[in-house]
Amino acid sequence: MRTQVAIVGGGPSGLLLAQLLHLQGISSVVLERKTKDYVLGRIRAGVLEVGLVDQLRAAGVGERLDADGITHDGTVISYGDEQIRIDFAAHTDQTVTVYGQTEVTRDLYAAREEMGGAFVFEVENVEIKDADTDQPYVTYQKDGTGHRIDCDYVAGCDGFHGVSRQSIPTDKRKEFEKVYPFGWLGILSETPPVHEELIYASSDAGFALCSMRNANLSRYYIQCAMDDDVRNWSDDAFWDALRRRIPAEHAEMLVTGPSIEKSIAPLRSFVCEPMQWGRLFLCGDAAHIVPPTGAKGLNTAASDVHYLSQALIAHYKDGDNSGIEGYSQKALARVWKAERFSWWMTSLLHRFPDQSEFDIKMQQADVAFLRDNANAQAVLAQNYVGLPY
Ligand code: APR
Ligand code: PHB
């Protein structure tokens with residue numbers, strides 16, 4: 001088989017890229033290791049920057065997002081007894097949209113199916129070959145049979161555990177990593193959200209986040225030990241811990257109910273440089289990971305897809321290769337800013353096992369500065385709604 005762009009990975013990065021290319025008449029094949037149901041069963045974050053919302057509309061998948069997405073023009077940062085509302089609209093003239101990543105992925109699948117785009121699920125042993133030549137190709141197995149796709153370019157959209165990054169020789173890439181000494185225990189429950197905006201809360205007992213999917217679906221997280229196990233957490237134990245970590249006025253209003261999903265995610269910052277090698281380009285989690293504080297994971301994947309789709313479109317439409325040559329540099333410039341912001345919010349709001357009294361004073365001073373300084377609030381707002389592409 002031959003295609004213009006072979007896309008490894010059918011998560012949000014791969015699907016969005018395929019759709020944006022398709023609309024410009026550029027062919028692609030998406031190879032996904034799992035089944036569609038498996039991919040749609042993963043619960044991920046749910047805050048979309050304006051840049052991603054615009055891209056989804058441009059990709060023709062804005063309808064349900066526009067109908068069901070909830071516009072948020074601010075968020076609450078709570079630290080001990082302190083509550084600071086960050087007004088995105090006032091500081092940036094922009095808002096974010098709360099709409100689950102699972103729904104984004106569902107909409108992208110539906111669009112790809114509607115246009116009859118090539119998609120292969122449950123592929124095994126994907127290998128990217130000759131990416132440093134003008135004739136790259138991808139091989140894989142499906143139901144025990146070997147296949148080969150010849151292509152012009154390969155997009156590595158296969159997440160943190162994928163093969164794409166590993167296909168770049170180790171002496172041609174450098175990895176930067178920070179692992180945090182805790183995880184997030186998250187639950188989804190069919191209960192009304194405790195507040196109309198998200199609450200990022202830091203308390204002596206650790207961090208908590210109150211988020212939502214819609215008027216009757218809430219998403220809550222609490223900081224937990226990195227080696228903790230969901231089986232240690234009954235729903236009641238979770239709700240008790242959450243109540244102790246959020247401001248009292250909200251704790252009193254909290255409506256609890258049975259969890260319909262419960263999982264623990266580790267927290268990690270990770271970047272691979274460069275994000276391209278010959279004709280292979282990395283996008284999204286394949287190239288970088290952020291801790292979820294600040295909701296930058298999906299949004300940073302989306303900015304990669306923006307730069308890469310623009311670069312490929314300029315190549316095919318105008319013979320302009322500058323975007324392709326500069327992809328890694330351009331993407332990384334924005335990636336590192338999202339890394340900084342996520343690291344900062346994580347450092348500000350979590351309890352670290354080895355935290356000294358001095359470290360806590362530093363957090364408190366940072367929070368006091370944020371409370372008293374409109375410029376500091378504007379910086380947070382600018383980063384949260386998303387830096388320009
Ligand atoms: N071959 C084919 N597909 C693969 C392979 C492989 N060897 N390895 C992984 N995959 C698939 C995974 O099954 C998954 O569906 O690639 C997809 C990657 O999807 P994600 O991990 O969701 O990564 P990405 O599409 O970059 O999404 C952006 O940002 O912070 C996050 O939560 C956020 O998942 C979101 C991500
Ligand atoms: C979520 O709703 O799942 C969510 C929201 C904001 C974050 C992280 C996760 O920072």
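This is a predicted model, so every value here is computed, not measured. Both ligands and their constituent atoms are indexed starting at 1 by order of listing.
- Ligand-side atoms of ligand 1 in range of Gly159: 18 (C), 21 (O), 23 (O), range being under 4.0 angstrom from any heavy atom.
- Through side-chain heavy atoms spaced under 4.5 Å, either directly or across other Ile, Leu, Val, Met, Phe, Trp or Tyr residues, Met362 is tied to Phe358.
- For Ser13, a nitrogen or oxygen atom sits less than 3.5 Å from a nitrogen or oxygen atom of ligand 1, counting backbone and side chain alike.
- At the top of the distance list for atom 29 (O) of ligand 1, counting protein heavy atoms only, stands Asp285 OD1, 2.9 Å.
- Paired with His350 under the rule ring-ring contact (aromatic ring centres under 6.0 Å, His included), one option of Phe207, Trp343, Trp344 passes, and it is Phe207.
- Polar contact with ligand 1: present for Pro12 (N/O pair, distance under 3.5 Å).
- Both the backbone and the side chain of Arg33 come within 4.0 Å of ligand 1, counting heavy atoms alone.
- A side-chain N or O of Asp107 and one of Tyr99 form a donor-acceptor pair less than 3.5 Å apart.
- Classification of Glu175 and Arg165 as a salt-bridged pair holds, one side-chain N sitting under 4.0 Å from a carboxylate O.
- For ligand 1, the polar-atom distance check against Lys34 finds no nitrogen or oxygen pair separated by under 3.5 Å.
- Among protein heavy atoms, atom 20 (P) of ligand 1 sits closest to Arg44 NH1, 4.0 Å.
- Ligand-side atoms of ligand 1 in range of Ala301: 28 (C), range being under 4.0 angstrom from any heavy atom.
- Looking from atom 19 (O) of ligand 1 to the surrounding protein, the closest heavy atom is Gly11 CA, 3.6 Å.
- Contact atoms of ligand 1 toward Gln101: 32 (O), 33 (C), 34 (O), 35 (C) (distance under 4.0 Å to a heavy atom of the residue).
- For atom 12 (C) of ligand 1, the nearest protein heavy atom (residue, atom name, distance) is Glu32 OE2, 3.5 Å.
- For the pair Gln377 and Leu370, the tightest heavy-atom approach, listed with the atom from each and the gap, is NE2-O, 2.9 Å.
- Side-chain contact check for Glu114 and Tyr109: no donor-acceptor pair (N or O, by modelled atom type) lies under 3.5 Å.
- Side-chain polar atoms of Thr95 and Asp73 form no donor-acceptor pair below 3.5 angstrom.
- Counted by atom type alone, Thr139 and Arg148 present zero donor-acceptor pairs between their side chains at under 3.5 Å.
- Using a 4.0 Å cut-off to heavy atoms of Leu31, the atoms of ligand 1 that qualify are 2 (C), 3 (N).
- Close contacts between ligand 1 and Val163 involve ligand atoms 7 (N) [criterion: under 4.0 Å to a heavy atom].
- Using cut-offs of 30° and 60° for the angle between ring planes, the Tyr140 and His147 rings count as parallel.
- Which parts of ligand 1 touch Val39 is read off a 4.0 Å heavy-atom cut-off, strictly below it: atoms 15 (O).
- Geometrically, Lys330 does not engage Tyr389 in a cation-pi contact, judged by NZ or CZ lying under 6.0 Å from the ring centre and within 45° of the ring axis.
- Listed here is the closest heavy atom pair of Met226 and Pro181: SD-CA, 3.7 Å.
- The two residues Thr35 and Glu122 have their closest heavy-atom pair at CG2-CD, 3.4 Å.
- The shortest heavy-atom contact between Tyr79 and Leu348 is CE1-O, 3.6 Å.
- Across the listed options Thr35, Asp158, Asn299, Asp158 owns the non-hydrogen atom lying nearest to atom 5 (C) of ligand 1.
- Close contacts of ligand 1 with Cys157, meaning ligand atoms under 4.0 Å from a residue heavy atom, involve 16 (O), 17 (C), 18 (C).
- Near Arg42, meaning under 4.0 Å from any of its heavy atoms, are these atoms of ligand 1: 13 (O), 14 (C), 15 (O).
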Please determine whether side chain to side chain donor-acceptor pair (under 3.5 Å) holds for the pair His315 and Asp152, giving the CA-CA distance in whole Å, both sets of side-chain angles, and the decisive distance to 0.1 Å. CA-CA 11 Å; His315 165 77; Asp152 300 335; 5.6 Å; no
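- Near ligand 2, residues Arg44, Ala45, Gly46, Val47, Trp184, Leu198, Tyr200, Leu209, Ser211, Arg213, Arg219, Tyr221, Pro292, Gly294, Ala295 come within 4.0 angstrom through at least one heavy atom.
- By the 4.0 Å N-to-carboxylate-O rule, Asp204 lies close enough to Arg351 to be salt-bridged with it.
- With a 4.0 Å cut-off on non-hydrogen atoms, Val126 touches ligand 1 through its side chain and not its backbone.
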